[in-house]
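For reference, the structure is listed below as structure tokens.
Just so it is clear: chains get the letters A, B, ... in the order the sequence lines come, proteins before strands, and each one is counted from 1.
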Amino acid sequence: MLETALYRYFHYTKFRPGQKEAVTVLLQGQDFMAVLPTGSGKSLCYQLPAYLKDGVVLIVTPLISLMEDQLASLQKNGEKRGVVLNGNLKEEDKIYVLNHLNKYKFVFLSPEMLMQEKVLSRLQSHHIALFVVDEAHCISQWGIDFRPEYRNLKYAKQRLNNPVTLALTATATAKVKEEIKSALLDKDAVEFCDSVDRPNVSLSVLFTRAKLEELKRLLSAATGSVLIYCATRKKVEELYYQLKKDYIVGYYHGGLDSSQRRLLQQQFIQDHLQFLVCTSAFGMGVDKPDIRMVIHYDLPDSLENYMQEIGRSGRDQKDSDAVLLYQLQDEKIHYFMQQQAQQERELFEFQIRHQAVKNLTELQEKWLQQTKIFGKDAFLEKLEQNELEKKKKLEQMLEYIYYKGCRREFLLSYFGENLTKVPNRCCDYHGLAKISVGLKEKEFHFSPKKDAWQEILLKMFKEEK
DNA sequence: CGGAAGATGATTAATCATCTTCCGGTGCATTAAT
């Protein structure tokens, strides 16, 4: 019985949602996709079958810091046969690992590392018990233009003699799930999708021309940890200098080196910093249960990213708030970046069509590699298609901003779900607040005090009865 | 495109208004020059 194995290896007596399904299906030799919230035991989905099967388990992970965290967590549980394979290792250490693969049970690596010929050819001669892709939504999010190696995973899988594959992620729209399937999984793959709904997180968009004051007001009323997302690094730092006069605050973005990042993440998790100003670089793999509020000081570029970011609040199931501060034209920064990206692509396209490739950017070099795999036309077509989809995603983000109905319903429908649970709180305010319990709505004057929300909600529940 | 910082100009010397310039997300791996 699987429960016996569960107890034997992990000392748990019960599976959590999705885990048993994953283990059963993987042991039968079928591919599996699990959409489960962070902190719900995703890693057990591959760790348990790993112990019940012969061979090494490959875990493809997007960030080096994630590999290290996962390895540390294995080691904490007494597992010594884990190893990371990444660019921080010395050349001789990498070679050692590749030549002694049978000493290891868990190998964590990036898609870039996996796609290197020397790595692939060494792995090829071993029996791969399980091929795991963690944060599998990266296939869709980054997989074409930014980190194209994510779209080569199927090729890698074939080279490894089609091992049983597990895709793991916390949020995915129907479309993203389809992309993961077609780019990675067999046709008969089984999926288990938990709801992405968080009834304890209120959703609001605040139209304002005085963001800084609104932000300070929200922070002054805040009772716990708060994440503040900005669109650019510069804005993150500016805001940090504005806030540090009055609050204990830190900042985090992709320009920081890895040791600084790790330090800040630790300080935030351990409550040495109540507030953290950051770009979208912050968050993956962060499992802090008591983030009480996620504020968007700038507009995110898609509802996928928005959902990921607000999904970091209220993991402890206690009441939390997601507040988006919007000002007319906030989307312009994203238009600009999309336009930059388009120029880079068009230049690349021109050069490759005229066979005059020189002075390529780092990204363009990668694209050149991809044209060799998928063919020139096919890959260029993909790049262009991807660009159009990004534009569409930004438009849908704006639709959400201007949506007049229940925001939770809108967001859920984007992820292919219906509003089924009665939310603890679901509010909105454009000067006035709109609160909804189930499908019933009521307007009232906004007050930042938590008690005000609760009183009104209580009253509405009574009225419903 | 928009915001911010720096530069210029005009007035009546240190301040204000206007103009100009600059810059912009997400990460892997590898390599060349310190």
What interatomic distance, in whole Å, is found between [atom1] of [M] and the corresponding atom of [N]?
N	M	atom1	value
dG9(B)	dA14(B)	C1'	14 Å
dA7(B)	dT30(B)	C1'	42 Å
dT11(B)	dA17(B)	C1'	11 Å
dT18(B)	dT12(B)	P	16 Å
dT26(B)	dT31(B)	P	25 Å
dA4(B)	dG25(B)	P	15 Å
dA33(B)	dC28(B)	P	25 Å

Spacing of [X] atom [atom1] relative to [N] atom [atom2], expressed in whole Å:
X	N	atom1	atom2	value
N88(A)	dA29(B)	CG	P	7 Å
K235(A)	dA4(B)	NZ	P	8 Å
E344(A)	dG24(B)	CD	P	14 Å
H334(A)	dC23(B)	NE2	P	21 Å
F336(A)	dC22(B)	CZ	C1'	10 Å
E309(A)	dT26(B)	CD	C1'	10 Å
E117(A)	dT30(B)	CD	C1'	18 Å
E149(A)	dG27(B)	CD	P	15 Å

Checking all strands, does [X] fall into the base, sugar-phosphate, or nothing category for heavy-atom contacts under 4.0 angstrom?
X	result
M284(A)	nothing
K366(A)	base
L63(A)	sugar-phosphate
P62(A)	sugar-phosphate

Report task. Without swapping roles, check the side chain of N152(A) against the backbone of Y155(A) for a donor-acceptor pair under 3.5 Å. Result ->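 The answer is no, because no donor-acceptor pair under 3.5 Å joins these two groups.
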Query raised in the report: If only atom types and distance count, is the side chain of N200(A) paired as donor or acceptor with the main-chain N or O of K318(A) below 3.5 Å?
Result: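 Flag set: sc N200(A) to bb K318(A) pair under 3.5 Å.
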Taking the side chain of [X] as heavy atoms from C-beta outward, which of [options] is closest to it?
X	options	answer
T279(A)	dG25(B), dA29(B), dG27(B)	dG25(B)
M337(A)	dG27(B), dG3(B), dG24(B)	dG24(B)
H253(A)	dA29(B), dG24(B), dT26(B)	dT26(B)
K332(A)	dG2(B), dA4(B), dG27(B)	dG2(B)
F146(A)	dT26(B), dC28(B), dT30(B)	dT26(B)
K390(A)	dG3(B), dG25(B), dA29(B)	dG25(B)
Q329(A)	dG2(B), dT26(B), dG25(B)	dG2(B)
S280(A)	dG3(B), dT26(B), dA29(B)	dT26(B)

Query - Worked verdict on E112(A) versus Y150(A) for side-chain hydrogen bond (donor to acceptor under 3.5 Å, both in side chains) - result: CA-CA 8 Å; E112(A) 287 86 354; Y150(A) 258 104; over 6 Å; no
Report task. Examine dT30(B): is either OP1 or OP2 under 4.0 Å from a nitrogen or oxygen in the side chain of K90(A)? Give yes or no. Result ->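 The answer is no; no side-chain N or O of K90(A) sits under 4.0 Å from OP1 or OP2.
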Query raised in the report: Is there a side-chain polar atom (N or O) of Q369(A) under 4.0 Å from OP1 or OP2 of dA29(B)?
Result: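 No, no such contact exists.
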Requested in this report: Search all heavy atoms of S202(A) against all heavy atoms of R408(A) and return the closest pair with its distance.
Outcome: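 Nearest heavy atoms, S202(A) then R408(A): CA-NH2, 4.2 Å.
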Query raised in the report: Looking only at heavy atoms, which two atoms of P111(A) and L153(A) are closest? And how far apart?
Result: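 Nearest pair, atom of P111(A) first, then L153(A): CB-CD2, 4.2 Å.
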Determine which nucleotide pairs with [N], using a 3.5 Å limit on both distances of a Watson-Crick or G-U wobble pair.
N	result
dA13(B)	none
dC23(B)	dG2(B)
dT34(B)	none

Query raised in the report: dA29(B): syn or anti, with syn meaning chi within 90° of zero?
Result: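 For dA29(B), whose glycosidic angle is more than 90° from 0, the conformation is anti.
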Query raised in the report: Taking for each residue the nucleotide of DNA chain B with the nearest heavy atom, is it M67(A) or R233(A) whose nucleotide lies nearer the 5' end?
Result: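 Its nucleotide being nearer the 5' end, the pick is R233(A).
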Report task. Just do the side-chain contact (heavy atoms from CB on, under 4.5 Å) check on H127(A) and V56(A) with the steps written out, would you? Result -> CA-CA 7 Å; H127(A) 174 61; V56(A) 62; over 6 Å; no
Report task. Could you tell me the separation between the CD atom of E362(A) and the CH2 atom of W367(A), rounded to the nearest 0.5 Å? Result ->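 Taking CD in E362(A) and CH2 in W367(A), the distance rounds to 11.5 Å.
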